[in-house]
Number of protein chains: 2
Amino acid sequence: MPSTSDLPPPPNAPAPAPPRRGEARAKLLDAAVDIIRAQGYAATTVDDICRGAGLTKGAFFHHFASKEECAVAAAAHFAARAQSVFETAPYRGAVDPRARVLGYVDFRKAILQGALPQFTCLLGTMTQEAYQTHPAIRAACDRYIGEHAACVAEDIAAARRLYAPGAEWTPDSLALFTQAVIQGAFVLAKARHGAAVAADCLDHLRRYLETQLPAGAAKPRRKAP
Amino acid sequence: MPSTSDLPPPPNAPAPAPPRRGEARAKLLDAAVDIIRAQGYAATTVDDICRGAGLTKGAFFHHFASKEECAVAAAAHFAARAQSVFETAPYRGAVDPRARVLGYVDFRKAILQGALPQFTCLLGTMTQEAYQTHPAIRAACDRYIGEHAACVAEDIAAARRLYAPGAEWTPDSLALFTQAVIQGAFVLAKARHGAAVAADCLDHLRRYLETQLPAGAAKPRRKAP
DNA sequence: GTGTCGATACCAACCGGTCGGTACTGTGTC
DNA sequence: GACACAGTACCGACCGGTTGGTATCGACAC
């Protein structure tokens with residue numbers, strides 16, 4: 001997949017793109033996230049990432065000691081970007097924790113847009129192929145998946161207190177389940193080359209969460225459709 | 001670790017000590033399944049597979065035109081082995097389709113034994129890294145995941161007729177959801193380096209299936225009131 | 001100058017795939 | 001049953017291109 005920055009600059013370009021000075025690392029990380037999501041970690045070469053970032057190997061190995069270190073940094077970069085997306089998502093404004101939990105699923109469904117590599121998860125992708133051979137990558141993916149799950153678990157815990165105080169499950173366990181569904185939905189979407197199956201999975205996940213946090217069990221009341 | 005003799009040997013095999021002459025292909029496929037599940041497709045070299053099978057590159061390229069063709073054959077090999085496992089599993093004997101659906105989840109939970117590469121899914125692993133770069137592998141994984149889901153969907157359809165005739169979901173959609181949970185559970189298990197989280201996910205899946213196929217709702221069979 | 005940052009040139013190891021060759025097996029022929 | 005012959009199964013050295021990583025140097029900022 002040729003990137004758009006392959007094109008040579010126009011002959012009359014006065015300043016060949018003033019490369020701002022501290023930008024290279026971020027560009028490399030952005031490129032790494034995109035390309036690894038599309039091709040996987042092992043199949044992605046350092047040159048691929050450099051080409052995607054419009055830089056050279058000199059820059060790459062100036063910022064990262066190795067390809068593996070770049071992958072770990074890319075996991076952190078991806079997680080940070082994701083966190084800011086979810087932190088500012090509209091569903092976060094709901095007062096009712098149950099609404100936030102269901103809103104999370106709706107939001108995840110809403111962002112199943114564009115091409116597959118644009119909405120699938122770098123962490124799940126790298127985990128699958130590096131979990132045994134690259135411990136540092138595995139640990140990074142585990143950590144950031146866990147941190148995201150912990151955010152979901154907070155809302156679930158609050159909702160549980162209000163709507164299902166006697167539930168059999170723990171908030172952490174249910175939060176991890178939501179992540180499993182999401183990761184699995186991505187796998188199926190990749191296999192089928194389409195996001196529709198992932199949306200269906202999120203519908204099932206929402207239905208499960210609705211039954212486990214029954215709306216009638218607390219003060220808010222909800223009508224059946 | 002290298003399960004060279006997984007196949008049940010014939011009871012009265014003449015068993016000449018030297019490796020029998022038509023065995024190489026099966027050994028290569030067994031090795032490919034094992035190693036790709038542990039390392040991923042791209043990180044697995046042809047030499048790795050040959051070493052795992054105790055053979056040489058000459059043998060490999062005698063049986064497969066390319067590494068990719070071997071991966072496609074390995075997917076088929078893996079799917080065939082899995083199919084025979086599930087076909088003969090005890091839960092298949094249940095008369096009640098609901099019991100078969102729940103028994104399927106219990107069985108999947110029961111086989112979360114041993115090291116991670118031994119129970120995770122080759123199809124999901126290869127899909128994640130090859131879905132864009134190796135169309136033939138993607139298609140094979142899609143096909144075999146779909147065929148397995150279709151088997152699950154049969155039981156779900158029968159259970160739905162009896163226990164949830166008015167359910168919102170289709171059997172196919174719910175069957176795919178079970179596969180998503182399983183694939184996602186594998187991803188989390190790999191990230192955490194342990195199968196416990198996968199078992200938790202299967203508990204949630206079972207709970208969802210129980211609520212969607214309510215046991216008390218069994219309609220009188222055959223005769224309508 | 002000194003340190004940061006990136007480019008260019010280069011290397012040794014490795015990888016998928018090729019190729020000429022060998023060993024074994026089955027078959028038709030006498 | 002000996003033999004020639006053909007086809008299949010397998011071996012392992014080898015090749016060209018690629019890969020992660022290194023060495024060196026120039027350009028700019030302070």
Side-chain contact test, heavy atoms from C-beta onward, threshold under 4.5 Å: evaluate it for [X] versus [Y] and give yes or no.
| X | Y | answer |
| --- | --- | --- |
| B:Tyr144 | B:Gln83 | no |
| A:Asp172 | A:Leu176 | no |
| B:Val85 | B:Phe107 | yes |
| B:Val101 | B:Val152 | no |
| B:Phe186 | B:Leu112 | yes |

| Under 6.0 Å from the six-membered ring centre of A:Phe60 and within 45° of its axis: does the NZ or CZ of A:Lys67 meet both? | no
d([atom1], [X]; [atom2], [N]) in whole Å:
| X | N | atom1 | atom2 | answer |
| --- | --- | --- | --- | --- |
| B:Arg51 | D:dC11 | CZ | P | 14 Å |
| B:Tyr41 | C:dC15 | OH | P | 14 Å |
| B:Asp47 | C:dG16 | CG | P | 7 Å |
| B:Glu23 | C:dC24 | CD | P | 16 Å |
| A:Leu28 | D:dG20 | CG | P | 14 Å |

Check: protein-nucleotides 12-14 of chain C nitrogen or oxygen pairs below 3.5 Å:
none

| remark: What residues 134-141 of chain A contributes to the DNA chain C interface at heavy-atom separation below 4.0 Å is none
Under-3.5 Å N/O pairs linking protein and nucleotides 21-23 of chain D:
from   : atom 1 : to      : atom 2 : distance (Å)
D:dG21 : OP2    : A:Lys67 : N      : 2.9
D:dG21 : N7     : A:Lys57 : NZ     : 3.2
D:dG21 : O6     : A:Lys57 : NZ     : 2.8

Parallel, tilted or perpendicular: which one describes the rings of [X] and [Y], with boundaries at 30° and 60°?
| X | Y | value |
| --- | --- | --- |
| B:His204 | A:Trp169 | tilted |
| B:Tyr208 | B:Phe177 | perpendicular |
| B:Tyr104 | B:Tyr91 | perpendicular |

| field | Donor-acceptor contact present, side-chain B:Arg92 to main-chain B:Glu87, <3.5 Å | value | no
| message | Quick check on DNA chain D: between A:Ala42 and B:Gly54, whose nearest nucleotide comes earlier from the 5' end? | response | B:Gly54
| query | In degrees, rounded to 10°, what is the bend between the two ends of the helix from C:dG1-D:dC30 to C:dC30-D:dG1, using five pairs at each? | reply | 0°
| message | I want to check one thing: is the phosphate of D:dA9, taken as OP1 and OP2, less than 4.0 Å away from some side-chain N or O of B:His62? | response | yes
| field | C:dT4 phosphate, OP1 or OP2, under 4.0 Å from A:His63 side-chain N/O | value | no
| field | Contact list for residues 114-139 of chain A, test salt bridge (charged side-chain N to carboxylate O under 4.0 Å, His left out), sequence neighbours left out | value | A:Arg138-A:Asp142
| task | Begin with the C-alpha distance, continue with both residues' side-chain angles, and end with the deciding distance and a verdict on side-chain contact (heavy atoms from CB on, under 4.5 Å) for A:Val105 and A:Arg108. | result | CA-CA 5 Å; A:Val105 178; A:Arg108 294 232 59 146; 5.7 Å; no
Ignoring hydrogens and angles, write down the donor-acceptor pairs under 3.5 Å from the side chains of residues 190-202 of chain A, residues two or more places apart or on other chains.
from     : atom 1 : to       : atom 2 : distance (Å)
A:Lys190 : NZ     : A:Thr125 : OG1    : 3.0
A:Lys190 : NZ     : B:Gln128 : OE1    : 2.4
A:His193 : NE2    : B:Tyr131 : O      : 3.3

